[in-house]
Amino acid sequence: MSSMPPKEIRVRFAPSPTGYLHVGGARTALFDWLYARHHGGKFILRIEDTDVERSSQEMVEGILEGMRWLGLDWDEGPFFQSQRVDRYRAAAAELVKSGHAYYCYCTPEQLKERRELAQKEKRNYKYEGTCRRLSTEQVAANEAQGRPRAVRFKVPEGESLQYHDLVFGTIEVAHAQIEDFVLLNSKNHPTYHLSVVVDDLEMRITHVVRGADHVSNTPKQILLYRAFEAEIPEFAHLPLILGPDKAKLSKRHGTTSVTAYRDMGYLPEAFRNFLALLGWSPGDNTEIMSTDDLIERFSLEKINQSNAVFDVQKLDWLNRQYIGASTAERLAPLVRKALEGKNLWRAEFDGDRKEYFYSSIDLLKSRMHSINDFAEGGQAFFTDLFFVDEAAAKKNLKDPALKELIPLLADRFRGLDPFTLESSEQVLRALADEKQVKAGLLINATRVLLTGRAVGPPLFHIMIQLGRDRTTERLERISQFTTVN
RNA sequence: GGCGCUAUCGUCUAGCCUGGCCCAGGACGUCGCCCUCUCAAGGCGAAAACACGGGUUCAAAUCCCGUUAGCGCUACCA
């Protein structure tokens, strides 16, 4: 045993394509991926689409898109359960043959009735095992008639079952608590537990890392492994992600699709970092971690046992951190998309004005809350037809003296050569002194005229970035504001 | 209802296994001050938590029991 070479770690992410990749699924995928990468193992992607009615190709695409965005590359797959139905049927037949499963002729209608009756009488309902006790003759007769039947698992006699969960520790469930669950429905279609176990076995999964909503499913699956006389993988269940109201995160909390976060201007590395901190921490106080850090430091032992609330404010903070720390080169393609979305993109930004485009990004990035913000708060750097914030104009352009001062300032800038950080500041401050006004008055007014906003980078940096001509042109727009007042 | 799981600042968490270093540390958010041409950033500081009740022990956030609350599962869905 000890001389055996370490077994390759194989983990899988197995979403069911009944919606786009949501935040909870993404976190599960991330942890699976981190675990595989940390151990140099394999990460397998499997699409659980046995419920044909609720699955669609479009949703599969959405899941793959979300994973690609987050940089979660898989080594094998995607495998589709819908294409593996024969194997599940064969496995079910094998279990019937070995006496671990039986045919059940109870109809869904009958079951529903019994369940409702039990509920009315305030009794707990569990399949009573009617067909489990059918004689061989009765079964043969039913089969001869071609009666539709499901295949049910025969839960073995026994006191209780326990298993060790890598995050929750020992979990114990009484056999009496587990009902004879359906393996194949009456349309000969496999259900969840069967297909999961068959696939995890066939794909040689060593660690089942999935959401905590599966803890109570695990005993059934362990029973299945035993019936197949197969080796049972390790299980690690992840705490759930909750909305601000502490209910399991869902559509009614607003955005839950991962690609929607991309569209809102979040950086995948920020989102990934944020997700990693939901239910896991490296143990010290480190919060900002690159992908390599994450891979290196990730371990199942440090996963929490309690659910975590999705806090968008912390996500925003991380996003700002990452944007501020990113190079213009990294940001450029993303900013380009944001600008294209607002019809602000111009080919020259990738040509003659590429340098200008990059330096604008560098100037703006430390203040941007999202990528989309470049096309909002930062738009004056990319177009002359920028939006002027009304409140900003009202606040910083209201002084009547500006009507005289700004054109004067524009004149002086026009003749200024060279037009630099130092020279432009000198000119502005000199004028302020001369006219006995605070430099701040001119500075703040100029910022609004130049960018349409009361907030932004230091003024002289803005002017140098825009250049002398644009600066003077925009200053002349003061007339449009003074008439309004 | 039954079964299972969980419980540290508003939120994410460290500490819990291996009691004492914890009148509980960090981060986001909030508030204040400094810096300052605005806003960010940065610096400094503040308010803010061991769910409750019993045990065990010289000593409990840490171990045990109970209560409460939350979440999950409870389908011929996954």
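Sequence lines set the chain letters: A, B, ... in the order given, protein chains first and strands last, and positions in each chain run from 1. These values consider heavy atoms only, across backbone and side chains, with no hydrogens, waters or symmetry-generated copies. All figures in this text were calculated on a predicted structure; none of them were measured in a lab.
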Less than 4.0 angstrom between a side-chain N/O of [X] and OP1 or OP2 of [N], yes or no?
X	N	answer
Arg320(A)	C28(B)	no
Gln313(A)	C28(B)	no
Ser281(A)	A14(B)	yes
Arg152(A)	C76(B)	yes
Lys302(A)	G15(B)	yes
Thr191(A)	A75(B)	no

Work out how far the [atom1] atom of [N] is from that of [M], and round it to whole angstrom.
N	M	atom1	result
A51(B)	G25(B)	P	16 Å
C50(B)	G45(B)	P	24 Å
A14(B)	C58(B)	C1'	28 Å
G54(B)	G43(B)	P	45 Å
C5(B)	C64(B)	P	13 Å

Pairing partner (Watson-Crick or G-U wobble, both distances under 3.5 angstrom) of [N]:
N	answer
A51(B)	U67(B)
U56(B)	none
C22(B)	none
C73(B)	G2(B)
U62(B)	none
U11(B)	A27(B)
A41(B)	none

Axial cation check for Tyr105(A) ring with Arg149(A), 6.0 Å and 45° limits
no
Kindly confirm or rule out a cation-pi arrangement of Arg152(A) over Tyr127(A), judged by NZ or CZ under 6.0 Å from the six-membered ring centre and within 45° of its axis?
yes
With a 4.0 Å cut-off on heavy atoms, is [X] in touch with a base, just the backbone sugar-phosphate, or nothing at all?
X	answer
Pro457(A)	base
Ala454(A)	base
Gly279(A)	sugar-phosphate
Pro190(A)	sugar-phosphate
Asn304(A)	sugar-phosphate
Ser186(A)	base
Leu441(A)	nothing
Val309(A)	sugar-phosphate
Arg123(A)	nothing
Lys122(A)	nothing
Val455(A)	base
Glu172(A)	sugar-phosphate
Asn307(A)	sugar-phosphate
Thr107(A)	base

Identified ring pair (Phe, Tyr, Trp, His ring centres under 6.0 Å) partner of Trp280(A) from the options Tyr35(A), Phe31(A), Phe298(A), Phe274(A)
Phe298(A)
At less than 3.5 Å, do the side-chain atoms of Lys112(A) and the base atoms of A75(B) form a donor-acceptor pair?
no
Nearest-nucleotide 5' precedence on RNA chain B, Gln177(A) against Leu459(A):
Gln177(A)
